[in-house]
Amino acid sequence: MVNRLGCALSSVFQRFMPDPFLFALILTFVAMLLALGFTEQPVFEAAELPDGTIEHQEVLDEDGEPVTRATTIMDVLNAWRGVDPRTGRVAWDNGFWGLLAFAMQMSLILVTGYALATSRPVRFVLNWFAAIPKTSASGAATVALVAMLAGLINWGFGLVVGAVLAKKMAALARTSGIKMHYPLLGAAGYMGLLVWHGGLSGSAPLEIAGAVHGDAAIPVSETLFGAMNLLTNALLLVAVPVLFYLMAPKREGEIVEIRPDQMLPHEADRHFPPADEGEPKPADLERDPADAQSKGAAPEGEAPPSGRAPDEASPQDKLTVGDKLNRSPLTTVLICLIAFAVIVNDLLEGRFNLDLFTVPFLFLFFGLLAHWRPIHYVRAVGQGTSGAAGILLQFPFYAGIFGILVGTGLNDVIVEWISAAATQETLPVLSFLSAAVVNMFIPSGGGQWAVQGEIALGSAARLGIDPALAVMFVAYGDQITNMLQPFWALALLGITGLRARDIMGYTAAIMLLVLPIFLVLITAFALASAVAPPAP
């Protein structure tokens, strides 16, 4: 049954799944139409203050309630653009360009995660894992387990480790004469995004743990390290690999192997940076042989020319001071000592927190130390930036969708539709479902918590449910529809050479199959911890 479900959904997605960028554009149109159909806007009027300045104030009716009007297309476009409805001026921290800083942060997490995943120590571990499985079933199960474990450490790390391991395993299998279904391996490599929000880089738990400005902080000991989250992740770590094992194609004719153009000839994975100083750069290896020969590089099968780039000088060449600095681990050690001293100082003074700033900071310097030589880390980061291209292109459009949802009040409408009728028994599932829906429009854990967190915590307080559990209800809903939303798969697709339609059928099947785990656990823990709601 599991195999048939995976094959059926894969066939559907192969036929109907658009490119992730088009998916973002379609969601933009959907958000605009929903805002036009289901929201209203407050009416503002200009009032002159005693000091002569003009202030825009909401117009109130006789009962003191805000006067509203129907939402117009210009209201929606202004919200998308980031125009303040009170002043008519563009607010650059809202709308289309409102998530630039967050996009940079997400790109850094991805790039530093990639650099660490492709370092020699991590590569050694991945090589070992890649050589173990001998079938598509065992290969997919192994990739899923490793990707999930890495995703619990950091979402970017898990995404890259899963992609690199899937590609490495498929390439090794092909060169060894073992048939492995590459799309299934790619889907398994995406499983870190199924558990990430319950891991150490989970946005909502980390943000509420460092809450400021009057918000009540909830420590990660009650969210990430709470009993519900630990049990949920433990069950997923067992169930998901088993499901991938069962989902593998049974007939040899159904297996789609990695293509030669998706791998470097005679190499298992062209995305690893060179391990030895004398190796040519990956960019040179990937160049077309004719083009490489025209630039002085050796065609495939011939010895490389004597001429090399300055940072690739052979031992017999005279190294410049810059070349020696490029290769010297002394700079690496000194800067990493400084960075780790800062972390130790934060620990001693009680400031250390695994938030969205600390995690990429740690990964950057751990990756630099793992690569040892600065020039090797530079190359790894350079290769990793290509995976961030989709983030850079699509994040403004998702920021625009974010602007529509917040600026028109559509997000409040969606969330309140579900939470208004919630009781102690139904709040966990309704919070989970509302988060799952919102994640399709705002595929960002931090961005989603910004618009849904207050409502989730308020509903929990009203119904006497532990607020730490309410945080995780939203976190779980956010992560489960990553299996339908291809935004975060962009980096994996760039590394593996697969298309979104190749993997999304399998990830959708996993989403449906693990859904009962989330629903049963969140309901059981909520009811077990519920107290009498406070008096109104």
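Heavy atoms only: backbone and side chains are in, while hydrogens, waters and symmetry mates are out. Counting from 1, the numbers follow the sequence of the chain as shown.
For the atom pair Tyr190 OH and Leu492 CG, the distance stands at 8.5 Å (nearest 0.5 Å). A distance of 11.0 Å separates CG in Asp478 from OG in Ser434, rounded to the nearest 0.5 Å. In this structure, Met228 CE and Thr223 OG1 are separated by 9.5 Å, a value rounded to the nearest 0.5 Å.
Remark: the backbone N or O of Leu364 is not paired with any side-chain donor or acceptor of Thr112 at under 3.5 angstrom. Judged purely by atom type and a 3.5 angstrom limit, Asp502 uses its side chain to pair as donor or acceptor with the backbone of Arg499. Within the 3.5 Å criterion, the main-chain N or O of Thr496 finds a donor-acceptor partner in the side chain of Tyr182.
With hydrogens and angles left out, the side-chain atoms of Thr71 and Thr39 include a donor and acceptor closer than 3.5 Å.
Annotation: Phe23 is not in aromatic contact with Phe487 [ring centroid separation under 6.0 Å not met].
His197 places none of its side-chain heavy atoms less than 4.5 Å from the side chain of Tyr476. The side-chain heavy atoms of Leu100 and Met104, taken from C-beta on, include no pair separated by under 4.5 Å. Side-chain contact between Phe365 and Ile343 is absent, with no heavy atoms from C-beta onward closer than 4.5 Å.
In terms of heavy-atom proximity, Leu193 sits nearest to Met483 at C-CE, 4.1 Å.
Ring geometry for Phe397 versus Phe96: interplanar angle over 60°, hence perpendicular rather than tilted (30 to 60°).
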